[in-house]
> 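I am attaching a structure below and will ask some questions about it afterwards.
Side chains included, hydrogens not; waters and symmetry mates left out as well; all remaining heavy atoms used.
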Amino acid sequence: MVPPKDTLLSIKNLRTYFNVKEGLAKAVDGVSYNINNGETLGLVGESGCGKTVSALSILKLLDIPPAEFHSGQILFKDQDLLQMTEQELNSIRGRLISMIFQEPMTSLNPVLSIGFQIDEVMINHLSINAKEARDRTIELLNMVGIPLPQKRAKEYPHQLSGGMRQRIMIALAVACDPELLIADEPTTALDVTIQAQILDIMLSLQETFNTSILLITHDLGVIAETADRVAVMYAGKIVEEADVKTIFQNPLHPYTRGLLNSVPKINKIDSANRLHEIPGMVPNLCYLPEGCSFFNRCPVRKKICQSGKPKLLNIENNHNVRCWIVQDSV
């Protein structure tokens, strides 16, 4: 299928596997999705479902081996990133596609000043001199809400709080006005107030630069507030995909329903209404079941679910679901 003209990134049938002691772990197993210009795609699911691996695959930031790209395409502006050389990818990383990594505490170099780390990106990609880079760095730090930016630029990561380091990561990621920003759980380990501020900064920058965002998170509250479309991942596959309103108002896959039911509801928290949980665990990616990967945890499973793997099919109005039960009921 040819992606629409406004598609910036198109991932087609991506399979990223890991050779481990137990065998071949299928971390990303036939994933396909598009990200359009200026939109935010939310990628959600439990830990271990393949969200981060799929994002790291886009810029080939995985160690090879043990990782291997078994098949698929990652088309960015119609160019396959998987076929590019390291030198070609370096011209894209940080310039056209940038990433906010999951852990701001360890993603910054501890022996280099904040200002130097941001300056370096712009000097390498934008061909500007050191003074121009530092002026732009101060501007970026101010843009993301860092107080006393001239002073902070001379400081080191350990001198800043977690929230400030996350802001630094955002400034670093948008320094070269990328066309695609990959945000891997950007609000993890931050308190609620700082989370809201970080999300406001990202949305403001998106409006300023018309940046597309791939937002990876397990927080459905964040998705509801920021995403245009949502893709739900489970055991290395997309199990449901639709616009954000449809996902919240009419979830069809049992796993998506389980995730939404697990969100605390303030008016229902009492001894008679315990927090819902999805029983069991994500299956071992080296020993995936023959049928649907969610079979052992599914409350509505049938015999067919155990024997055959369902395909991701369009149910209605670009609402795609990978579930035998849903497809049989349509």
> Do side-chain atoms of Arg301 reach the backbone of Cys298 as a donor and acceptor pair under 3.5 angstrom?
yes
> Give a yes or no answer on whether the side chain of Asn142 reaches the backbone of Ile138 with a donor-acceptor pair at less than 3.5 Å.
no
> Is any side-chain heavy atom of Leu160 closer than 4.5 Å to one of Arg152?
yes
> Could you check whether any side-chain N or O of Ser98 sits under 3.5 Å from a backbone N or O of Ala173, counting only pairs where one atom can act as donor and the other as acceptor?
yes
> Is there a donor-acceptor pair closer than 3.5 Å between any side-chain N or O of His253 and the backbone N or O of Arg322?
yes
> Under the side chain to side chain contact (heavy atoms under 4.5 Å, CB included) criterion, do Leu108 and Leu172 qualify, and how do the steps go?
CA-CA 10 Å; Leu108 294 167; Leu172 187 61; 4.1 Å; yes
> Give a yes or no on whether Phe69 and Leu9 share a hydrophobic cluster (residues Ile, Leu, Val, Met, Phe, Trp, Tyr; joining criterion: side-chain heavy atoms under 4.5 Å apart).
yes
> Report the distance from atom CD of Glu39 to atom CG of Asn37, rounding to the nearest 0.5 Å.
9.0 Å
> Do Leu285 and Val53 sit in the same hydrophobic cluster, where Ile, Leu, Val, Met, Phe, Trp and Tyr count as joined when their side-chain heavy atoms come under 4.5 Å apart?
no
> What are the two closest non-hydrogen atoms of Ser91 and Arg95, and how far apart are they?
O-CB, 3.5 Å
> Could you check if a side-chain atom of Ser212 sits within less than 4.5 angstrom of a side-chain atom of Leu181, using non-hydrogen atoms only?
no
> Assess, by modelled atom type and distance only, whether the side chains of Asn314 and Asn320 contain a donor and an acceptor separated by less than 3.5 Å.
yes
> Spell out, yes or no, whether Val321 and Trp324 are grouped together once hydrophobic residues are joined by side-chain heavy atoms under 4.5 Å, including indirect joins.
no
> If you count heavy atoms of other groups shown closer than 6.0 angstrom to CD of Glu88, is the number above 12?
yes
> Does any non-hydrogen side-chain atom of Asn19 lie less than 4.5 Å from one of Leu24?
yes
> Give me each pair satisfying side chain to side chain donor-acceptor pair (under 3.5 Å) with a member in residues 53-63, each pair once, sequence neighbours excluded.
Thr16-Ser57
> When hydrophobic residues are tied together by side-chain contacts of less than 4.5 Å, even through go-betweens, does Ile118 share a cluster with Phe116?
no
> Is a side-chain donor-acceptor pair under 3.5 Å present for Thr40 with Gln206?
yes
> Can you tell me how far apart CZ (Phe294) and CD1 (Ile325) are? Round to the nearest 0.5 Å.
12.0 Å
> Show the numbers, then the answer: is there a side chain to side chain contact (heavy atoms under 4.5 Å, CB included) between Arg136 and Leu126?
CA-CA 11 Å; Arg136 171 65 172 158; Leu126 303 181; 5.9 Å; no
> If we count only N and O atoms by modelled type, under 3.5 Å, do the side chains of Asn36 and Thr7 hold a donor and an acceptor together?
yes
> Identify the heavy atoms of Ser47 and Val282 that sit nearest to each other, and give their distance.
O-CG2, 4.3 Å
> Give the minimum heavy-atom separation between Ile213 and Leu180, together with the two atoms involved.
N-CD1, 4.3 Å
> Could you check whether any side-chain N or O of Ser262 sits under 3.5 Å from a backbone N or O of Gly258, counting only pairs where one atom can act as donor and the other as acceptor?
yes
> Salt-bridged, Lys245 to Asp228, with N to O below 4.0 Å?
no
> Decide yes or no for Ser161 and Met164: does some side-chain heavy atom of the first lie under 4.5 Å from some side-chain heavy atom of the second?
yes
> If you draw a 6.0 Å radius around CG in Asn317, do more than 12 non-hydrogen atoms from other residues or ligands fall strictly inside?
no
> Kindly give the heavy-atom pair with the smallest separation between Cys286 and Val20, and that separation in Å.
SG-CG2, 3.6 Å
> Which residues pass the ring-ring contact (aromatic ring centres under 6.0 Å, His included) test with Tyr17, not counting sequence neighbours?
His70
> Test Leu89 against Leu81 for side chain to side chain contact (heavy atoms under 4.5 Å, CB included), laying out the working first.
CA-CA 7 Å; Leu89 277 172; Leu81 300 181; 4.3 Å; yes
> Please check: side-chain N/O of Gln83 versus main-chain N/O of Asp80, any donor-acceptor pairing under 3.5 Å?
no
> Applying side-chain hydrogen bond (donor to acceptor under 3.5 Å, both in side chains), run through His319 and Glu240 and close with a yes or a no.
CA-CA 7 Å; His319 188 174; Glu240 187 162 5; 2.5 Å; yes
> Minimum heavy-atom separation for Ala171 to Leu141, with atom names?
CB-CD2, 4.4 Å
> Quiz question: by atom type and distance under 3.5 Å, do the side chains of Glu185 and His218 form a donor-acceptor pair?
yes
> Within the structure provided, determine whether Ile114 and Tyr156 are in side-chain contact (heavy-atom separation under 4.5 Å).
no
> Could you grab the distance from atom CG of Asp219 to atom CD of Glu225, nearest 0.5 Å is fine?
9.5 Å
> Without swapping roles, check the side chain of Lys237 against the backbone of Asp29 for a donor-acceptor pair under 3.5 Å.
yes
> Measure the NZ-CG distance between Lys51 and Leu214 for me, rounded to the nearest 0.5 Å.
11.0 Å
> Is a side-chain N or O of Arg15 found less than 3.5 angstrom from the main chain of Ser71, in a donor-acceptor match?
no
> Suppose the criterion is ring-ring contact (aromatic ring centres under 6.0 Å, His included): which pairs have a residue in residues 38-57, not counting sequence neighbours?
none
> Determine whether Arg229 and Val244 make a side-chain contact, defined as any pair of heavy atoms from C-beta on separated by less than 4.5 Å.
no
> Taking C-beta and beyond as the side chain, do Gln159 and Lys154 meet within less than 4.5 Å on heavy atoms?
no
> For the atom pair CG (Leu140) and SG (Cys176), what is the distance rounded to the nearest 0.5 Å?
9.0 Å
> The test is side chain to side chain contact (heavy atoms under 4.5 Å, CB included); show your working for Thr211 and Val174 and say whether it passes.
CA-CA 9 Å; Thr211 305; Val174 302; 6.0 Å; no
> Is it the case that Asn13 and Ser32 place a side-chain donor and acceptor less than 3.5 Å from each other?
no
> Between Asn250 (side chain) and Thr246 (backbone), is there a donor-acceptor pair under 3.5 Å?
no
> Using modelled atom types only, decide if a donor and an acceptor are shared between the side chain of Arg297 and the backbone of Pro279 within a distance under 3.5 Å.
yes
> Do Asn109 and Gln117 have side-chain atoms, one donor and one acceptor, less than 3.5 Å apart?
no
> Take Lys77 and Glu179 through the salt bridge (charged side-chain N to carboxylate O under 4.0 Å, His left out) test and state the conclusion after the steps.
CA-CA 10 Å; Lys77 302 172 74 171; Glu179 296 182 36; 3.1 Å; yes
> Heavy-atom count check: over 12 atoms from other residues, nucleotides or ligands less than 6.0 Å from Asn284 CG?
yes
> Indicate if Leu112 and Ile123 have the same hydrophobic cluster label, given that clusters are the connected sets of ILVMFWY residues with side-chain heavy-atom separations under 4.5 angstrom.
no
> For a quick test of reading the model, state the closest non-hydrogen atom pair linking Leu82 to Gly72 and the distance between them.
CD1-O, 3.6 Å
> What I'd like to find out is whether the side chain of Met99 reaches to under 4.5 Å of the side chain of Leu56, using heavy atoms alone.
yes
> Check the orientation of Tyr234 and Tyr255. Use parallel for under 30°, tilted for 30 to 60°, and perpendicular for over 60°.
tilted
> Roughly how far, to the nearest 0.5 Å, is the CD atom of Glu241 from the OH atom of Tyr33?
10.0 Å
